[in-house]
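Because the structure is a prediction, the values reported are computed rather than measured. All heavy atoms count here, side chains included; hydrogens, waters and symmetry mates do not.
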Amino acid sequence: MLGKPYLPDSLKRASHRLTSFGAPETVMACARRAWEQAPAYRRHLAAHGIDALTGNVSWRELPPMDKKSYLGLHRSEDLVAAELSEKILYWGSSSGSSGEPFYWPTLRWRDCVQAGTAPVIDLDGLWREAFRLRERKTLVLYCIKVGAWSPGAPLLTLLYRLIESSDLHLGLAVATHSHEEAADIARRLGSHYEQCLFVTVPSLVRPLREALRLAGVDLSRARFSVLGECFPEELREQLDAECGLRWPDIGLVSDVYASSDTGVIGAESMPSIALRKLLLSSRPLREALGLREQSLANLYNLTQRDLFVEELEGELLFTRWQAIPIIRYNLHDRGELWDWEELRKLLRALEPSDERQAALKQRALDPSNPHQTLVAVYGRNDALIITGDNFYDSDFLCALSSAKLEGEVTGVFFVSLSRSEEGQGIAWDIEVRPEVAITDELRKKIASSLAESFRRAVHLRAYVDMHGSRQKGGGLFEVRLHPWPELTSKQDAKLRVIRS
């Protein structure tokens with residue numbers, strides 16, 4: 001199918017591939033507690049023919065769950081574990097199909113620590129090394145809308161805690177309204193610091209840099225720490241080149257791999273970043289892992305010991321005891337689990353082609369790296385994620401339907417992420433009717449109509465508010481038109497959204 005990502009055949013696993021991370025007994029222990037304390041889970045099991053969790057039931061027999069098949073069918077009071085219902089501090093939303101969010105409960109920090117489920121986020125350690133915080137006074141600029149988005153307020157609180165307790169010269173400012181606000185703060189306060197570290201999402205890095213340029217801010221002093229979505233390694237390479245940075249100096253890191261549903265899962269580290277850069281530059285290493293350029297995953301160390309992760313048919317499933325317990329929960333993230341020790345064996349056999357590859361190899365082989373397992377994340381299987389927000393098939397279908405283009409298009413389309421110098425965007429491949437001529441005027445008309453209908457369809461979510469209006473070319477999207485039946489012959493009614 002057009003744009004279908006390449007994934008290694010799960011039936012022919014290379015030696016570095018794992019099927020799970022964590023102790024399998026964690027799954028049954030979590031399931032038994034949920035059975036006792038969450039009525040929704042008892043009903044979920046009963047619906048799949050399991051009336052009791054006896055010794056005859058294996059963890060692999062427990063039915064997977066996701067937002068649609070589990071959360072959407074039950075009231076929140078039936079989903080929350082009874083022993084944790086009085087310990088909830090904060091309810092945060094995760095984006096949902098057609099603008100309908102789900103609200104996830106977060107426990108008080110002290111209760112997470114006591115239960116051994118507190119998230120392990122070593123921002124201080126990663127930032128210290130990646131951005132040389134010991135040597136440079138740094139202004140941290142938080143550029144994510146707080147609102148009700150689940151990670152928003154907790155992450156800002158974590159930054160306050162980190163900066164207040166740090167022995168480094170760090171300052172914190174918040175810019176949640178626009179790129180121009182962030183750029184103005186950097187311009188006004190930048191003289192007090194040697195660099196500005198922007199905490200944002202990958203798709204807003206380019207628009208932020210453009211706002212900084214227009215404000216007269218020295219771009220070589222801008223660094224970025226991102227979360228919320230995958231990003232291409234080429235973006236990091238481009239930023240490093242523009243800033244004149246050479247390894248081990250880098251301009252962008254990804255703080256955490258996390259979701260509102262699961263909490264923190266893992267994080268980048270300097271060894272994992274070095275490995276990803278090696279994969280980008282070394283064809284022999286990619287071939288040894290069964291990869292191709294377009295399938296280069298984001299790599300995160302699994303850091304949470306209370307978490308069980310498994311790969312099932314190319315997707316990642318998670319089990320964790322939390323306010324809403326999740327057992328074999330499918331985020332619909334496409335991914336794999338990699339064994340660090342097996343990867344090191346491959347790396348030791350790699351012959352570096354130049355000094356840079358030699359330095360990257362040395363860092364990836366760092367014996368002090370405490371992590372044993374990497375999660376390789378290729379992207380979301382049921383949505384595109386941009387500015388930390390999910391955009392579902394229904395969003396795109398609604399936008400195309402309400403654009404009143406019936407006379408020009410057949411209704412067959414594919415959607416993917418596009419990348420340009422302006423940042424991430426949305427690319428539409430749309431099939432036009434047989435009697436319609438494809439012209440530049442038609443493309444502009446369709447792009448303009450889609451931009452307006454998409455704004456209505458997604459209820460002015462973050463992508464449109466903070467990014468879409470600044471795209472060049474007069475619209476939100478890159479539109480590619482195809483003559484009938486070019487896309488009809490490739491259509492899969494079950495999958496309109498094609499990840500790239």
Side-chain angles (χ1 to χ4, degrees), residues 1-7 68 96-100 203 232 292-295 314 332 334 378-386 389-461 463-464 467-500:
M1 175 176 289
L2 179 67
K4 184 176 181 180
Y6 169 78
L7 282 176
K68 182 178 180 181
S97 179
S98 301
E100 292 295 329
S203 46
R292 298 191 302 206
E293 289 87 345
Q294 59 265 41
S295 65
H332 297 291
R334 293 177 291 109
Y378 293 89
R380 184 61 56 87
N381 232 359
D382 65 344
L384 295 183
I385 306 179
I386 307 176
D389 205 353
N390 293 341
F391 293 92
Y392 290 83
D393 184 26
S394 57
D395 290 324
F396 301 111
L397 184 59
C398 179
L400 188 66
S401 300
S402 61
K404 298 181 179 179
L405 299 169
E406 293 85 355
E408 287 90 7
V409 305
T410 64
V412 178
F413 67 94
F414 296 121
V415 186
S416 61
L417 287 179
S418 66
R419 301 184 178 100
S420 67
E421 292 182 357
E422 287 78 44
Q424 281 183 308
I426 299 174
W428 292 71
D429 287 272
I430 300 174
E431 185 180 78
V432 302
R433 298 174 67 86
E435 67 275 14
V436 175
I438 295 177
T439 64
D440 191 52
E441 288 73 21
L442 178 64
R443 185 193 63 78
K444 291 178 180 178
K445 174 189 174 182
I446 291 176
S448 177
S449 297
L450 280 175
E452 181 58 34
S453 62
F454 192 70
R455 287 187 178 94
R456 295 194 300 268
V458 302
H459 308 287
L460 292 176
R461 297 210 298 250
Y463 177 64
V464 180
H467 182 49
S469 63
R470 293 171 178 81
Q471 280 275 51
K472 293 184 179 179
L476 286 167
F477 315 110
E478 174 187 354
V479 174
R480 298 184 288 255
L481 301 182
H482 300 260
W484 179 89
E486 188 171 301
L487 298 188
T488 297
S489 62
K490 302 174 182 177
Q491 184 180 13
D492 182 345
K494 296 181 180 178
L495 186 62
R496 289 185 186 273
V497 179
I498 307 299
R499 268 66 54 195
S500 60

Distance (rounded to the nearest 0.5 Å) between I438 CD1 and E431 CD: 9.0 Å
Is the backbone of K444 close enough, under 3.5 Å, to the side chain of S448 for a donor and an acceptor to pair up by distance? no
Considering non-hydrogen atoms only, spot the tightest contact between T439 and L442 and give its length. OG1-N, 3.1 Å
So, taking the atom named CG in L481 and the one named CD in E486, what distance separates them when rounded to the nearest 0.5 Å? 10.5 Å
Could you list the residues that satisfy side-chain hydrogen bond (donor to acceptor under 3.5 Å, both in side chains) with K68, not counting sequence neighbours? none
Looking at residues at least two apart in the chain, or sitting in another chain, which of them share a salt bridge (charged side-chain N to carboxylate O under 4.0 Å, His left out) with E435? R433
Looking only at heavy atoms, what is the nearest atom pair of V415 and W428, with distance? CG2-CE3, 4.2 Å
Shortest non-hydrogen separation from D429 to H482 and the atoms involved: OD1-NE2, 2.6 Å
What's the separation between atom CZ in F413 and atom CD1 in I446, rounded to the nearest 0.5 Å? 13.0 Å
